[in-house]
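This structure is a prediction, so every number in the text was calculated from the model and none was measured.
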Amino acid sequence: MEDFLSIQFTWFNFLLNALGLLLLYFLLRFVRRLLAASTSKSRFGLRPYKFVQDLLTLFEPLAIVLLSSIFIFINPPFHGLLIGLVVFTGFSHIRNYMSGRFVHLDRSVVKGKRVKTNETEGVISRLGNLGLHLQTPDGPHHISYQKLLGEGYTLVSGEESGGFCHLRITLADDKNGRLNASHLFDLLATNPYLDWHQKPEMIVPESGGYLEAKFLLKDEKYLHDLRRLMKEWGFLCQSQN
């Protein structure tokens, strides 16, 4: 025990570990991006992608704990007091942040899902570090993870989660040619139904016979109007679960 307490670190050790963790973080993000691209073309990369995603979720708090420990051992009395003050003054934010890590590990809580709590119901537009960003009928709403876990929540199922749409798009039978994601994106930019707080996502499989689009509508009632408009453009839409 005495040998452990006598460990001494220097600022060089701190910077070296910080650089190593930073490089590892960007490496994991790069691997996740590669797996995400392969997953959109086949289902074989789905399990590795989820594993790397969970690893990234846990990596940040573990890296903070490791660097904080090295920081303390550089000068235990003074740095230990500083870390103690940070934890004391920001305890509520730290607890909220750690609660968020557990929520992020729940793969059912993802962007586009409709969440219902005691006071609020809306579609998840973003999972932040300290809370969920929801799109509600009254506008954008933020709910902290601590409050979310404390009050409990329900994921509302359905063909479409609120105004969030996941569509499989093909060319109409009377149309020839190949689907062009850029052209479709330009057409969508001219319609009044999309909520541009969330940028539409386009996934183009290798076959090129169809594409998948994910976007947020200003209101779920506009889905029928959007489908009709896209049919006029020469596209057929089918909802994806």
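In plain terms, the two heavy atoms of Val109 and Tyr153 that are nearest each other are CG2-OH, 3.7 Å. Minimum heavy-atom separation, Leu21 to Phe59: O-CZ, 3.3 Å. Gly128 and Tyr145 get closest at one heavy-atom pair: O-OH, 2.6 Å.
Contacts of Thr10 classified as side chain to side chain contact (heavy atoms under 4.5 Å, CB included), with partners at least two apart in sequence or in another chain: Phe12, Asn13. By the ring pair (Phe, Tyr, Trp, His ring centres under 6.0 Å) test, Phe14 is found to be paired with Trp11, residues two or more places apart in sequence or in another chain being considered. Listed by chain and number, the residues in a side chain to side chain contact (heavy atoms under 4.5 Å, CB included) with His133 are Ser125, Arg126, His142 (sequence neighbours excluded). For Val87, the side chain to side chain contact (heavy atoms under 4.5 Å, CB included) partners two or more places apart in sequence, or in a different chain, are Ile83, Ile94. By the side chain to side chain contact (heavy atoms under 4.5 Å, CB included) test, Phe91 is found to be paired with Arg95, residues two or more places apart in sequence or in another chain being considered. Looking at residues two or more places apart in sequence or on another chain, you find no side-chain hydrogen bond (donor to acceptor under 3.5 Å, both in side chains) involving Ser144.
One hydrophobic cluster holds both Tyr25 and Leu15 under the rule that ILVMFWY side chains link at heavy-atom gaps under 4.5 Å. Leu16 and Leu22 fall into different hydrophobic clusters, where Ile, Leu, Val, Met, Phe, Trp and Tyr are joined by side-chain heavy atoms under 4.5 Å apart, directly or via other members. At a threshold of 4.5 Å between side-chain heavy atoms, the hydrophobic network of Ile, Leu, Val, Met, Phe, Trp and Tyr places Leu149 and Leu127 in one connected group. If you chain together hydrophobic residues whose side chains sit under 4.5 Å apart, Ile169 and Trp233 fall into the same group. The hydrophobic cluster containing Leu58 does not contain Leu28, counting ILVMFWY residues as joined when their side-chain heavy atoms lie under 4.5 angstrom apart, directly or transitively.
Here CG of Leu236 is found 11.5 Å from CG of Leu167. Values are rounded to the nearest 0.5 Å. In this structure, the separation between CG on Leu229 and CZ on Arg227 is 13.5 Å, given to the nearest 0.5 Å. Distance check, rounded to the nearest 0.5 Å: CG of Leu62 to CZ of Arg101 gives 10.5 Å. Note that the CG atom of Asn129 and the NE2 atom of His104 stand 6.5 Å from one another [nearest 0.5 Å].
Side-chain contact between Arg168 and Cys237: absent, with no pair of heavy atoms (C-beta onward) separated by less than 4.5 Å. Side-chain contact between Val115 and Leu148 is present, with at least one heavy-atom pair separated by less than 4.5 Å. Side-chain contact between Arg32 and Leu27 is absent, with no heavy-atom pair separated by less than 4.5 Å. The shortest side-chain heavy-atom distance between Leu56 and Arg29 falls under the 4.5 Å cut-off.
Chaining together hydrophobic side chains whose heavy atoms lie under 4.5 Å apart places Leu19 alongside Leu23. Phe102 belongs to no hydrophobic cluster with other residues, because no ILVMFWY side-chain heavy atom falls under 4.5 Å from its own, directly or through intermediates.
Residue pairs meeting the salt bridge (charged side-chain N to carboxylate O under 4.0 Å, His left out) criterion with at least one member in residues 140-150, sequence neighbours excluded, are Glu119-Lys147. For residues 51-73, the salt bridge (charged side-chain N to carboxylate O under 4.0 Å, His left out) pairs, not counting sequence neighbours, are Asp54-Arg107.
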Can I get a per-line list of side-chain donor-acceptor pairs under 3.5 Å for residues 65-82, giving both atom names and the distance, sequence neighbours left out?
unit_1, atom_1, unit_2, atom_2, d
Ser68, OG, Ile64, O, 2.7
Ser69, OG, Val65, O, 2.9
His79, ND1, Phe71, O, 2.6

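Judged by distance alone, the side chain of Thr120 and the main-chain N or O of Lys116 form no donor-acceptor pair under 3.5 Å.
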